[in-house]
Amino acid sequence: MNFLIENAKRAQITLSKYVVIAPLNISNLKIVGGVDVSYKKDFGCASAVAYNIQQDNVVTYTIYCDKVSIPYIPGFLAFREAPLIIKALNKILSKTRLDVLFVNGHGLAHPRKFGIASHIGVVFNMPSIGVAKNLLYGEIIAYGDKKAIVVNGNVVGYVITNNNHKIYVTIGHKVTAEEAMELVLKTWKKAYALPEPIRLADEISRKEVRRLAAKL
DNA sequence: GCGACAG
DNA sequence: ATCTTGTCGC
């Protein structure tokens with residue numbers, strides 16, 4: 001089966017209508033999830049991590065690996081990674097609840113306002129936030145001491161810095177741009193390039209890919 | 001046509 | 001994202 005970009009575009013445009021931008025009320029949040037995928041050629045491993053932000057520790061985590069058939073195409077990352085992420089998420093949701101999910105990539109800072117963070121959030125009807133190391137779409141506008149990520153005149157997220165590290169935080173689903181930024185700042189340790197839930201998912205998925213690749 | 005381009 | 005060991009530096 002071939003991957004048809006025109007069909008994928010229509011799917012994104014249609015699904016983007018289901019994205020909700022609303023306050024999450026992050027003050028009492030406890031379990032923050034993080035997901036990421038690592039690869040070895042066309043073999044990928046997704047990891048989902050549940051992180052307790054009140055106790056600063058990992059509650060549990062899951063892994064799901066499989067061959068991937070769709071290549072990385074800018075603007076269509078979700079079609080490559082979502083199949084693995086969905087499996088890892090279903091596994092972790094059978095063990096714990098997640099109050100919000102951090103996804104490695106963008107949410108509304110996307111040509112069709114439907115980056116992978118929004119995609120996963122809508123599919124699971126769960127609050128989600130995009131965390132990316134590079135910009136895909138949108139412009140950066142400084143407002144005082146903050147740098148907003150703007151798409152079609154709307155602030156969809158913020159650029160935040162930590163030592164030498166810079167990350168782009170955007171609305172995925174069921175959260176506001178300000179809350180997304182606050183929540184990421186709250187889980188971002190100074191020594192690392194990414195907030196804990198995603199940093200750990202990245203570390204676990206990468207180790208798993210290497211472990212399995214060594215057995216081949 | 002040219003340049004940009006999450007992971 | 002990944003290819004890739006040890007090594008230079010804070």
Side-chain angles (χ1 to χ4, degrees), chain A residues 3 5 8-9 11-12 15-16 19 34-49 63-89 101-123 128-140 147 149-152 156-160 162-173 177 180-181 184 189-195 197-214 216:
Chain A
F3 174 66
I5 287 186
K9 271 188 191 174
Q12 291 177 327
L15 292 172
S16 70
V19 173
V35 289
D36 190 34
V37 186
S38 293
Y39 301 90
K40 171 74 175 182
K41 293 290 186 65
D42 60 351
F43 183 77
C45 287
S47 175
V49 169
I63 297 172
Y64 182 83
C65 303
D66 200 358
K67 187 181 189 305
V68 293
S69 55
I70 296 172
Y72 166 66
I73 301 169
F76 302 93
L77 175 64
F79 293 90
R80 172 176 170 80
E81 302 198 333
L84 299 180
I85 290 175
I86 288 169
K87 292 285 183 48
L89 269 181
L101 180 69
F102 288 1
V103 181
N104 206 333
H106 291 285
L108 295 183
H110 178 277
R112 289 164 293 282
K113 299 183 175 64
F114 204 65
I116 191 168
S118 298
H119 195 126
I120 297 296
V122 165
V123 167
S128 64
I129 294 168
V131 178
K133 295 190 286 294
N134 296 92
L135 186 65
L136 168 69
Y137 187 80
E139 58 181 319
I140 308 304
K147 289 176 185 276
I149 302 169
V150 178
V151 172
N152 294 335
V156 299
Y158 291 96
V159 184
I160 56 181
N162 187 332
N163 288 348
N164 325 326
H165 307 299
K166 174 169 69 174
I167 55 180
Y168 298 81
V169 178
T170 57
I171 296 169
H173 184 52
M181 172 177 61
V184 168
K189 295 190 177 181
K190 204 168 188 180
Y192 302 106
L194 293 167
I198 288 196
R199 180 184 74 80
L200 293 163
D202 176 78
E203 180 177 292
I204 292 167
S205 62
R206 181 179 280 96
K207 281 183 179 171
E208 185 67 1
V209 151
R210 293 194 181 297
R211 191 180 72 77
L212 293 179
L216 297 180

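By convention in this document, chain letters (A, B, ...) are assigned in the order of the sequence lines, proteins followed by strands, and residues within each chain are numbered from 1.
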Sugar-phosphate only, base, or nothing, as touched by A:Leu135 at under 4.0 Å among non-hydrogen atoms: sugar-phosphate
Spacing between A:Asn164 atom CG and C:dC10 atom P, to the nearest angstrom: 13 Å
Minimum heavy-atom distance between A:Gly34 and A:Ala201, given as atom pair plus value: O-CB, 3.7 Å
A:Arg80 vs C:dA1: side-chain N/O to OP1/OP2 distance below 4.0 Å: no
For atom CG of A:Asn104 and atom C1' of C:dT2, their distance in whole Å: 15 Å
Per A:Arg210 side chain, nearest of listed nucleotides C:dC3, C:dT2, B:dA6: C:dC3
Nucleotide nearest A:Leu136 (side chain, heavy atoms from C-beta), chosen from C:dT2, B:dG7, B:dC5: B:dC5
Closest non-hydrogen atom pair, A:Ile149 against A:Val159: CG1-CG2, 3.9 Å
Min side-chain heavy-atom separation A:Tyr158-A:Val184 under 4.5 Å: no
Residue pair A:Ala109 / A:Val151: nearest heavy atoms and the distance that separates them: CA-CG2, 4.0 Å
Distance in angstrom units between A:Asp202 CG and C:dA1 C1', rounded: 10 Å
Atom pair distance, as rounded to whole Å: NE2 in A:His106 and P in C:dA1: 13 Å
Nucleotide of C:dC3, B:dC5, B:dG7 approaching A:Lys40 most closely (side-chain heavy atoms): C:dC3
Side-chain heavy-atom pair A:His110, A:Gln12 within 4.5 angstrom cut-off: yes
Under-4.0 Å side-chain N/O to phosphate OP1/OP2 contact, A:Asn134 with B:dG7: yes
Value in whole Å for how far the C1' atom of C:dA1 lies from CD1 of A:Ile198: 15 Å
Nearest-Å distance for atom pair CG/P, residues A:Leu212 and C:dT2: 14 Å
Nearest-angstrom distance from the residue atom CG of A:Asn163 to C1' of C:dC10: 12 Å
Listed nucleotide nearest any side-chain atom of A:Lys133, set B:dG7, C:dT2, B:dA6: B:dG7
Touch class at under 4.0 angstrom, heavy-atom based, for A:Gly130 against every strand present: nothing
Sugar-phosphate, base or nothing in reach of A:Lys41, heavy atoms under 4.0 Å: nothing
Sugar-phosphate, base or nothing in reach of A:Tyr72, heavy atoms under 4.0 Å: base
Whole-Å gap separating P (B:dG7) and CG (A:Asp36): 9 Å
Sugar-phosphate only, base, or nothing, as touched by A:Phe76 at under 4.0 Å among non-hydrogen atoms: base
